[in-house]
2 protein chains.
Amino acid sequence: MSNRFIKKLANLAELSADDRRALEIVTAHPRRFAARQDLIREGDEPGPVFVVLDGWACRYKILPNGLRQIMAFLMPGDACDLHVNMLAAMDHGIQAIGPASVAMISRAQMQAMMHDHPAIARAMYTAQLVDEGIMRAWIVSMGRRSSIERVAHLMCELYLRARGAGMTQDTEFALPLSQIILADALGMTPVHINRVLKELRLAGAMALRRGSLTILDPVKLVQIAGFDENYLHRRLRQATAI
Amino acid sequence: MSNRFIKKLANLAELSADDRRALEIVTAHPRRFAARQDLIREGDEPGPVFVVLDGWACRYKILPNGLRQIMAFLMPGDACDLHVNMLAAMDHGIQAIGPASVAMISRAQMQAMMHDHPAIARAMYTAQLVDEGIMRAWIVSMGRRSSIERVAHLMCELYLRARGAGMTQDTEFALPLSQIILADALGMTPVHINRVLKELRLAGAMALRRGSLTILDPVKLVQIAGFDENYLHRRLRQATAI
DNA sequence: CGGTCACTTGAGCAGCGTCAAAACCCGTGG
DNA sequence: CCACGGGTTTTGACGCTGCTCAAGTGACCG
């Protein structure tokens, strides 16, 4: 029975039974985090690599004036940077959004595994590239999209990512993000998020309520967002030599 | 006589004479690009790793409606992602801003060099982490800073990065970016950029003109920007094992 | 059943965009 | 050397998107 991490990596590279076993071992003893608990804080010295197995987390930063900006969502299956611990201090925090279960893989473990399992290494590097693509897409959204386009675009992204981890049923999936969290991620105020969600609902594009998102009209949603899934790199280069 | 790339990497790891020689070789035959010429376009298959030796470039994306968003500046010494060619297609373009000189290092060359020169590998990975930190800082800026804060923050960043590559003299450095380019990078309109630059000039914080930026009052500029240099990781972890 | 938190809605405002015109800069060619 | 032309910079007037402030409703939990 494989977890979300394995499922996600399997989308990015061909994994042998042996590879899967190694991943099982390394994620066997996750740690539980409470809602709003920090996995690591800005300024802390980086430690193990985090892999979210269950629940959601986010990377965030608090400005001097108290405003918060979320820079990435980590959903089940997502890991954070491989090489962080070359740095002396974290430049941002990572926080559980709801209760979450997180595997913590030491640098040594990680290195051994990637050395012994090239396919895993390949998948991890690819995942990292996709994460960078997502960051760039966020920059584009914040810079050049209107609020309704921004919200629609994020929902398209999260839906596809959730589907990649096998977390969607049909047109619906669990999205445990409050409007406050969405506001912090999209650089808006909660009240404006609320109005935009209403507009999207009335337009018949999507409906977000009580922790789950329903895509009412995928075509319309994609069109509002100006969404192009290129950057998620679901179609990878075939047979990459290491 | 070492180039900007070597100078930058030397800030990130202890480089031996041998390491430096390897870097010299691999950057010995740069290619020249004209202003506005693409190094690579969105949709293209990724090829060699680019290293900007002279001039500036930017990562960018054009939206369906014709708007452009710049997601990163590459100044002399900067390289682009190590592992890109695991992906089938670029999700963004890279373009020279003015005339530029760019080394193109093949995957094979890069891998051999990083294998034979662990210090170079370390420096490259660290540079990559810093670049990610910069992207996150841009997200924060776009989401939660006012236009004047955003401009001031970018200038602080560019000044420190330029200094790291030895490209500043005292309080001034060459910044060959038009107001149009700045607008595309900061998610604003050129006319508003213009007004903000005027405001910063009148406030006695900084003056940008004719391709060069003068910091008039560093303290004031940093204060306006709410700038915290953490994310550039100029203080690295000591003696990192690989 | 009361307290806290998230959500919802309205009214008014301001930061930044739009549109437009003029001044400037610089390379080019007569 | 000067006139020309394209791009950039500058400035003004006006409007819209999204923020602020405020009040009220609903959901969940102890």
Side-chain angles (χ1 to χ4, degrees), chain A residues 34-36 56 63 65-70 97-99 141-154 174-203 206-214 224 226, chain B residues 34-37 56 63 65-70 95-99 141-154 174-203 206-214 224:
Chain A
R36 289 158 187 270
W56 289 54
L63 296 192
N65 56 22
L67 287 174
R68 179 165 91 147
Q69 177 66 41
I70 290 174
I97 291 175
S141 272
M142 314 272 281
R144 292 301 188 201
R145 280 192 250 262
S146 69
S147 59
I148 191 170
E149 294 168 343
R150 259 204 322 269
V151 172
H153 197 276
L154 178 63
L175 188 72
L177 305 178
S178 71
Q179 296 180 5
I180 295 173
I181 298 267
L182 289 175
D184 283 341
L186 293 170
M188 300 163 53
T189 56
V191 347
H192 199 60
I193 286 278
N194 185 279
R195 292 190 234 269
V196 168
L197 289 176
K198 181 179 181 183
E199 197 178 340
L200 285 166
R201 198 182 330 121
L202 293 181
M206 50 157 268
L208 173 63
R209 56 186 183 296
R210 196 148 314 293
S212 95
L213 178 76
T214 309
I224 292 174
Chain B
R36 289 158 186 271
Q37 192 181 348
W56 288 54
L63 296 192
N65 57 21
L67 287 174
R68 179 165 90 145
Q69 176 66 42
I70 290 174
Q95 184 171 90
I97 290 175
S141 272
M142 314 271 279
R144 293 299 188 203
R145 280 192 251 261
S146 70
S147 59
I148 191 170
E149 293 167 344
R150 243 172 18 238
V151 172
H153 198 275
L154 179 63
L175 189 71
L177 304 179
S178 71
Q179 295 180 9
I180 296 173
I181 299 266
L182 289 175
D184 283 341
L186 293 171
M188 302 164 51
T189 57
V191 346
H192 199 60
I193 286 279
N194 185 279
R195 292 190 234 268
V196 168
L197 289 176
K198 181 179 181 182
E199 196 178 341
L200 285 166
R201 197 181 332 121
L202 294 181
M206 50 159 266
L208 172 62
R209 56 185 183 297
R210 196 154 314 295
S212 93
L213 179 76
T214 309
I224 291 174

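- Whole-Å rounding puts the A:L177 CG to C:dC7 P distance at 10 Å.
- Listed pair B:K198 / D:dT11 meets the phosphate criterion, a side-chain N or O lying under 4.0 Å from OP1 or OP2.
- Phosphate proximity of C:dC16 to B:S147: present, with a side-chain N or O under 4.0 Å from OP1 or OP2.
- If you check every strand for non-hydrogen atoms under 4.0 Å, B:R36 touches sugar and phosphate atoms only.
- Minimum atom distance to the side chain of A:R195 is reached by C:dG10, of the listed C:dA6, D:dT11, C:dG10.
- Of the candidate nucleotides D:dC19, D:dT11, C:dT9, D:dT11 has the atom nearest to the side chain of B:N194.
- With rounding to whole Å, B:M142 atom CE is found 20 Å from C:dG15 atom P.
- Using a 4.0 Å cutoff on non-hydrogen atoms, the parts of residues 180-187 of chain A near DNA chain C are A:I180, ordered by number.
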### Task
Start with the C-alpha distance between A:L208 and A:L182, add both sets of side-chain angles, then the distance that settles side chain to side chain contact (heavy atoms under 4.5 Å, CB included), and finish with yes or no.
CA-CA 11 Å; A:L208 173 63; A:L182 289 175; 3.7 Å; yes
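- Of the inter-residue distances, the one linking A:L177 atom CG with A:I70 atom CD1 reads 8.0 Å to the nearest 0.5 angstrom.
- Nucleotide D:dT9 holds its P atom 8 Å from the CG atom of B:L208, rounded to whole Å.
- Heavy atoms of A:R210 sit under 4.0 angstrom from primed sugar atoms or phosphate atoms, though from no base atom.
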### Message
Go through it in stages, so that I can follow the logic: the residues are B:M206 and B:L213, the test is side chain to side chain contact (heavy atoms under 4.5 Å, CB included), and I'd like the CA-CA distance, side-chain angles, deciding distance and then a yes or no.
### Response
CA-CA 7 Å; B:M206 50 159 266; B:L213 179 76; 3.5 Å; yes
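- With rounding to whole Å, A:H192 atom NE2 is found 9 Å from D:dT17 atom P.
- In this structure, B:R145 places its CZ atom 18 Å from C1' of C:dC16, rounding to the nearest Å.
- The side chain of B:V191 has C:dT18 as its nearest neighbour among C:dT9, C:dT18, D:dT9.
- Rounded to a whole Å, the CG atom of A:L197 is 9 Å from the P atom of C:dC7.
- Taking the side-chain hydrogen bond (donor to acceptor under 3.5 Å, both in side chains) definition, one finds that B:T214 meets it with nothing, sequence neighbours left out.
- Not one side-chain nitrogen or oxygen of B:Q179 sits closer than 4.0 Å to the OP1 or OP2 atom of D:dG7.
- Taking CD1 from B:I180 and OG1 from B:T189, the interatomic distance works out to 11.0 Å, rounded to the nearest 0.5 Å.
- Of the candidate nucleotides C:dT8, C:dC7, C:dT18, C:dT18 has the atom nearest to the side chain of B:T189.
- We find the CG-CG distance between A:L175 and A:L154 to be 8.0 Å, quoted to the nearest 0.5 Å.
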### Task
Decide yes or no on side chain to side chain contact (heavy atoms under 4.5 Å, CB included) for B:L186 and B:V196, but give the supporting numbers first.
CA-CA 12 Å; B:L186 293 171; B:V196 168; over 6 Å; no
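- The nearest whole Å value for the distance from the CG atom in B:L202 to the P atom in D:dT10 is 11 Å.
- Here salt bridge (Lys or Arg N to Asp or Glu O under 4.0 Å) pairs that include residues 174-202 of chain A, with residues two or more places apart or in two chains, are A:R68-A:D184, A:D184-B:R144.
- Summarising the geometry, the separation between CD on A:E199 and P on D:dT17 is reported as 10 Å, rounded to the nearest angstrom.
- Applying the side-chain hydrogen bond (donor to acceptor under 3.5 Å, both in side chains) rule to A:R145 yields the partners A:S141, A:H153; only residues at least two apart in sequence or on another chain are considered.
- Take A:S146 and apply the side chain to side chain contact (heavy atoms under 4.5 Å, CB included) test, not counting sequence neighbours, and it matches A:I148, A:E149.
- Comparing the start and finish of the helix from C:dC1-D:dG30 to C:dG30-D:dC1, five pairs each, the helix axis swings through 40°, to the nearest 10 degrees.
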